[in-house]
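Presented below is the structure to which this report refers.
Naming: A, B, ... by sequence-line order, numbering from 1 per chain.
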Amino acid sequence: MDIIADLKWRGLLYQSTDDAGLQPWLAKQSRTLYSGFDPTADSLHVGSLLPLLNLRRFQRAGHRPIALVGGATGMIGDPSGKSAERNLLDSEQLAQNVAGIATQMQSILDFECGPTSALLVNNSDWIGQFSYIDFLRDVGKNFSVNVMLAKESVKNRIEGDTGISYTEFSYMLLQAYDFVHLNRSFGCELQIGGSDQWGNITAGIDLGRRMNSVQLYGITCPLLTKSDGSKMGKTETGTIWLSADKTSPYQFYQYWITTADADAGKCLRFLTELEQEEIESLDAARESQPHLRESQKRLAEFLTQLVHGEAGLQKAQNATAILFGAEIENISDVELGQIFADVPSAAFAKTLLDEGLVLIDAIAQAGLVKSKGEGRRAIEEGSIYVNNKRVSITDYKLTMVDLASETSIVLRKGKRNYAILRFE
RNA sequence: GGGGGGAUACCGAAGCGGUCAAACGGGACAGACUGUAAAUCUGUUGGCUAUGCCUUCGCAGGUUCGAAUCCUGCUCCCCCCA
């Protein structure tokens with residue numbers, strides 16, 4: 001199956017600048033394409049997976065991907081899809097972010113495979129060179145404000161209440177120039193991005209025609225949204241990051257395991273490389289035996305392995321097996337330490353166990369509840385577990401018999417909030 | 001500059017002298033049911049040394065036995081007129 005057909009059945013092809021011509025054009029020879037990433041943090045998050053995987057699909061189909069990190073444009077802020085003016089990042093923070101993102105991309109794109117090796121570029125390398133006057137003369141001259149005003153991203157902001165600053169208004173020119181620069185430097189001819197990037201992509205194509213007299217291509221994919229309308233990759237507690245330091249492999253795995261049935265099919269198509277046949281059989285299984293949650297398991301497995309490697313996946317699955325298993329007992333400190341590496345913990349003196357440590361105090365200090373009053377309620381409601389065993393005695397005291405390992409007790413509130421108590 | 005309205009817990013929003021730690025809705029957190037899903041149902045949602053005590057209704061004062069509620073001043077927000 002060729003790349004376009006693959007994208008199509010996955011539902012990843014939203015718009016393209018040349019529906020008919022694209023397929024033969026890509027089939028003819030290896031092409032160079034790019035997608036941009038915003039360095040708003042020192043790690044990518046789940047939202048970046050989709051474009052990154054798309055680059056990867058193209059790479060596996062024999063094309064050369066370029067991941068562009070917006071070191072320069074990140075200082076401006078893309079108005080597309082945003083209702084308010086962006087906060088600007090300072091250049092030091094930006095450099096740090098770019099570095100962090102670069103290492104993460106290496107697990108997804110192949111940077112050492114000969115002619116189709118992925119490239120990582122930073123647009124501050126060329127945009128930073130420009131003087132304002134030069135930029136206006138060489139690039140700005142090619143833009144019609146009338147056309148720019150008509151672009152969706154700009155129009156929305158002008159018609160909305162927030163308005164748009166001159167800075168963000170100019171964003172489009174920078175991204176358009178990126179495309180032209182990559183075309184000149186690397187022969188890049190195709191830009192891919194989310195559907196909110198359409199205006200920026202076509203701006204780049206126009207500019208390419210004017211400045212380089214070349215025909216460039218662009219395609220967009222749908223934005224990945226959840227069936228309930230909320231954003232993929234965000235939870236109430238925060239963003240799901242690709243960095244193991246920010247989101248542990250276990251948490252990452254768990255995020256996908258709990259994917260709603262309604263979203264699972266879409267996620268499998270958008271975010272995995274499973275074959276059509278397998279995905280369709282997972283669809284069927286989800287219909288007939290939803291409780292087995294095969295789709296969610298495959299999804300979590302694929303993505304955790306991709307982002308955190310085989311070792312990360314192992315850790316996540318191990319932790320899952322124990323945490324969602326039966327009562328925890330006869331486990332070693334070492335095992336416990338690995339499984340609960342990212343779980344908050346509190347340390348106490350071992351002697352406390354002799355007279356007994358009041359459970360309410362323990363869960364409060366471990367951070368499972370905000371106050372003792374809340375802790376009291378939680379126990380009354382039956383939402384507190386010691387070593388995965390429910391305890392509903394309000395004045396329960398932890399003693400030596402509650403140790404799950406040599407020195408630790410595992411506390412849990414609700415389904416999946418854990419804390420470790422260490423007694424040394 | 002003139003006139004009017006408003007500020008209440010995570011958010012929205014009632015309350016307009018005592019029975020107010022403050023209705024109701026949303027959210028959140030739990031429990032039941034399930035499949036670590038969705039939907040549904042139930043409970044909880046200021047703190048504590050806990051049948052009581054303490055701190056909260058924009059800020060600072062005041063009236064009163066008693067104030068989120070009344071008065072004075074201040075700060076901020078919205079609307080109308082200039």
Hey, does [X] reach any base, or is it just sugar-phosphate, or nothing, if we go heavy atoms under 4.0 Å?
X      : answer
A:G382 : sugar-phosphate
A:R293 : base
A:A378 : nothing
A:D263 : nothing

Nearest-Å distance, [atom1] ([X]) to [atom2] ([N])?
X      : N     : atom1 : atom2 : result
A:I360 : B:G47 : CD1   : P     : 13 Å
A:H291 : B:A37 : NE2   : C1'   : 13 Å
A:L368 : B:C29 : CG    : C1'   : 12 Å
A:D361 : B:C48 : CG    : P     : 10 Å
A:R286 : B:G35 : CZ    : C1'   : 13 Å
A:Y255 : B:A37 : OH    : P     : 14 Å
A:R377 : B:A50 : CZ    : C1'   : 12 Å
A:L299 : B:A37 : CG    : P     : 16 Å

[N]: pairing nucleotide in any strand, Watson-Crick or G-U under 3.5 angstrom:
N     : value
B:A7  : B:U75
B:A37 : none
B:U69 : none
B:C24 : B:G12
B:A30 : B:U42

Among [options], which nucleotide sits nearest the side chain of [X]?
X      : options             : value
A:S383 : B:A32, B:A30, B:U34 : B:A30
A:K372 : B:G31, B:G35, B:C48 : B:C48
A:Q296 : B:G31, B:U36, B:G35 : B:G35
A:R390 : B:A30, B:G31, B:A37 : B:G31
A:R416 : B:G47, B:A30, B:A37 : B:A37
A:S371 : B:C48, B:A37, B:U44 : B:C48

If only side-chain N and O atoms count, and only distance matters, is there a donor-acceptor pair under 3.5 Å linking [Y] with [X]?
X      : Y      : result
A:N388 : A:R412 : yes
A:D178 : A:N123 : yes
A:D19  : A:S16  : yes

[atom1] atom, [N] versus [M]: distance in rounded Å?
N     : M     : atom1 : result
B:G1  : B:C74 : P     : 14 Å
B:C80 : B:G62 : P     : 39 Å
B:G18 : B:C24 : C1'   : 23 Å
B:C57 : B:A22 : C1'   : 8 Å
B:C71 : B:C78 : C1'   : 25 Å
B:A9  : B:G3  : P     : 30 Å
B:G4  : B:C10 : C1'   : 31 Å
B:U49 : B:A39 : C1'   : 44 Å

* **B:G31 OP1/OP2 closer than 4.0 Å to side-chain N/O of A:Y385** =>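 Checking B:G31 against A:Y385, a side-chain N or O does come within under 4.0 Å of OP1 or OP2.
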* To do: Test for a donor-acceptor pair under 3.5 Å between the base of B:U36 and the side chain of A:Q254, counting only N and O atoms.
  =>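 For A:Q254, whose side chain was compared with the base of B:U36, there is a donor-acceptor pair (under 3.5 Å).
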* Does A:K413 make a side-chain donor-acceptor contact with the base of B:U44, cut-off 3.5 Å? ->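 There is none.
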* Asked: Taking the nucleotide of RNA chain B with the closest heavy atom to each, which residue, A:I384 or A:A262, is nearer the 5' end?
  ->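 The residue whose closest nucleotide sits nearer the 5' end is A:I384.
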* Asked: Between A:T259 and A:K415, who's closer to the 5' end of RNA chain B by nearest nucleotide?
  ->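 Comparing both residues, the 5'-ward one is A:K415.
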* So, A:K397 and A:E355, do they make that salt bridge, N to O below 4.0 Å? ->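 Not counted as a salt bridge, because no side-chain N and carboxylate O are separated by less than 4.0 Å.
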* Side-chain ion pair, A:D283 and A:R269, N-O less than 4.0 Å ->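 Yes.
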* To do: Side-chain contact test, heavy atoms from C-beta onward, threshold under 4.5 Å: evaluate it for A:I409 versus A:L398 and give yes or no.
  =>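 Result yes, sub-4.5 Å side-chain heavy-atom pair found.
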* Note, A:R293 side chain near A:R286 side chain (heavy atom, < 4.5 Å) ->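 No; the side chains remain at least 4.5 Å from each other.
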* Asked: Is the count of non-hydrogen atoms from other residues, nucleotides or ligands lying under 6.0 Å from A:E310 atom CD greater than 12?
  ->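 It does: A:E310 CD has more than 12 such atoms within range.
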